[in-house]
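Worksheet: the structure to be examined is printed underneath.
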Amino acid sequence: MAGKRITQETFDDVVQENISEFDMEPEEALNDAIQQFESQGVDLNNIIRAVPGTGGETGGQHEVLQALHSVQQALERSSLDEMAECLDTFGKLCRRDFASRHLAAEKSAYGTVLGSCTRLLGDKPRLLIGLQALGTLLDGQPDLLDPEGQRLLVEVLTRNSSDANLCIAATRAVRHACLKHEQNRQDMVRLGVLRLLTSAIANHVHEADLVKEASGALRVMTFDDDIRVPFGRAHDHARLIVTENDGLKIIIEAAKGFTGNLSVLSELCATLGRLAVRNEFCQDVVDLGGLNFLVALLADCINHRELVRQVLGVLRNIAGNDEVKDAIVSAGGTDLIVLAMNQHLGSPQVCEQGCAALAMFALRKPENAKVIMEGGGALVALQAMKAHAGDVSVQKQVCGLMRNMVVRNPHFCQLILELGAESLISQALSTHEDCGDLAKAALRDLGCKVELRELWTGKKGDLAR
């Protein structure tokens, strides 16, 4: 249940009351106010925990509001130098924390910053500062973006496609505006942002920051994370990125150019995995050389946990295609996944993705299950299950893997049971409610005793008409 909320003014009034009425020092008054509200169950995440007028703040206002006022004055006077300087200060203050951005937004900061960017459209150096401030303000506040702001961002990306810095700033603003906001995503897609983002990657293959930012923005377009809408268009957006904007080829080719930049590679792999939403797209990854690249990347960078996790995620997703499963196994992917899991056994994220990938390889593929078994896949999966007994995601993936391993290879049952599978799966079943179906299926197919509840008997009866 969400905590109670208060306004910044209410919080500041209590702090000021502590100072004036109870003769507290500013720091003591601040700490007392925080303690009071937290004891009442108030969520202070949107509150600036500082005393206005101290610590560099002037005029009884928080510093971010002082900076916003300066931007407003500069905009009214159309003083471009002053506007850029004030926007820079304002942006830095907003980057401090969400509370500063939230307070600024409540005081009409969005309209002021957007108006400043519009005024600075013909001045690239100053426009860059304005876009950076706009992107920061939108971070965590995507509802602020309106149609005028959407058009501005698209215009900047269109008119300044050769300017990497402006594209980075505009792309970051797009990403912040579309995260957890389905309507913004759909609006931006209609305005052509997918073409602009894929083109930014293709046209700036040596600009690491832009490639990383554009890849992240593309990935956000494939999210379905806005709880306010019953369903989104994540699948459609992924399809458009691939079929109309050549997204798979662009991302794979870009990744080949950043073999020494692990953070960019992680970003590109994360996005690549989000695009494998159709059987033919999974095959396209192989045909474009993506599988060979991923296997080589996993072998070369096996010590780098985050990159390993992302590569495993891609392999898991493209293995939705039965022919691709066989191609991954033939390329030595199974042995590398087992090696990666052994290397990063302490990481639940790597273990989850590794087990999920192996489970996909084994699904409907008894020969692949044999390769996994002989390569130590069952053993490392059960070790992961033991190491991360409290992580429901790991438990579910291992249960799925065990089931897929034996359902068409019953002769593996005894070998897996000798590794201690029954007790580990039974523990997951009793500990994690979400593991129920997968754990019971694994125990059943391993030949273990398990209570299966009959939800519907199929008996005839009267039906209400």
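We count residues from 1, following the sequence as given.
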If only atom types and distance count, is the side chain of [X] paired as donor or acceptor with the main-chain N or O of [Y] below 3.5 Å?
{"X": "Asn160", "Y": "Asp163", "value": "no"}
{"X": "Glu352", "Y": "Val392", "value": "no"}
{"X": "Asp43", "Y": "Arg5", "value": "no"}
{"X": "Asn368", "Y": "Phe361", "value": "yes"}
{"X": "Asp391", "Y": "Val394", "value": "yes"}
{"X": "Ser116", "Y": "Thr112", "value": "yes"}
{"X": "Asp224", "Y": "Ala234", "value": "no"}
{"X": "Thr198", "Y": "Arg195", "value": "yes"}
{"X": "Gln141", "Y": "Ala105", "value": "no"}
{"X": "His176", "Y": "Gly135", "value": "yes"}

Pairing of [X] and [Y] as salt bridge, 4.0 angstrom limit:
{"X": "Asp434", "Y": "Lys396", "result": "no"}
{"X": "Asp209", "Y": "Lys212", "result": "no"}
{"X": "Arg175", "Y": "Glu267", "result": "no"}
{"X": "Glu306", "Y": "Arg309", "result": "yes"}

Counting only heavy atoms not in [X], do more than 12 sit closer than 6.0 Å to its [atom1] atom?
{"X": "Glu280", "atom1": "CD", "value": "yes"}
{"X": "Glu106", "atom1": "CD", "value": "yes"}
{"X": "Asp437", "atom1": "CG", "value": "no"}
{"X": "Gln186", "atom1": "CD", "value": "yes"}
{"X": "Glu9", "atom1": "CD", "value": "yes"}
{"X": "Arg305", "atom1": "CZ", "value": "no"}
{"X": "Glu38", "atom1": "CD", "value": "yes"}

Considering non-hydrogen atoms only, spot the tightest contact between [X] and [Y] and give its length.
{"X": "Leu145", "Y": "Leu138", "value": "N-CD2, 3.9 Å"}
{"X": "Val156", "Y": "Ala170", "value": "CG1-CB, 3.9 Å"}
{"X": "Gly320", "Y": "Met360", "value": "CA-CE, 3.5 Å"}
{"X": "Val308", "Y": "Ala340", "value": "CG1-CB, 3.8 Å"}
{"X": "Ile129", "Y": "Asp88", "value": "CG2-N, 3.5 Å"}
{"X": "Cys355", "Y": "Leu401", "value": "O-CB, 4.2 Å"}

Evaluate the side-chain proximity of [Y] to [X]: yes if any heavy-atom separation is below 4.5 Å, no if none is.
{"X": "Met341", "Y": "Val338", "result": "no"}
{"X": "Ile48", "Y": "Gln8", "result": "yes"}
{"X": "Leu315", "Y": "Ile318", "result": "yes"}
{"X": "Gln150", "Y": "Arg190", "result": "no"}
{"X": "Asn18", "Y": "Glu28", "result": "no"}
{"X": "Met221", "Y": "Val193", "result": "yes"}
{"X": "Val205", "Y": "Glu253", "result": "no"}

Strictly by modelled atom types, are [X] and [Y] linked by a side-chain donor-acceptor pair under 3.5 Å?
{"X": "Gln16", "Y": "Asp12", "answer": "no"}
{"X": "Gln66", "Y": "Gln61", "answer": "yes"}
{"X": "Gln353", "Y": "Gln349", "answer": "no"}
{"X": "Ser100", "Y": "Asp97", "answer": "yes"}
{"X": "Gln343", "Y": "Asn303", "answer": "yes"}
{"X": "Gln36", "Y": "Asp32", "answer": "yes"}

Test log, rule salt bridge (Lys or Arg N to Asp or Glu O under 4.0 Å), inputs Arg185 and Glu182: CA-CA 5 Å; Arg185 281 194 286 262; Glu182 179 63 23; 3.0 Å; yes
Exercise. Report the C-alpha separation of Lys180 and Asp225 in whole Å, then their side-chain angles, then the decisive distance to 0.1 Å, and conclude whether the salt bridge (Lys or Arg N to Asp or Glu O under 4.0 Å) test is met.
Key: CA-CA 5 Å; Lys180 297 185 179 180; Asp225 57 358; over 6 Å; no
Practice task
Sort out for me which residue in Thr171, Ile168, Leu166, Asn165 forms a side chain to side chain contact (heavy atoms under 4.5 Å, CB included) with Leu131.
Solution key: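 Among Thr171, Ile168, Leu166, Asn165, the one meeting side chain to side chain contact (heavy atoms under 4.5 Å, CB included) with Leu131 is Leu166.
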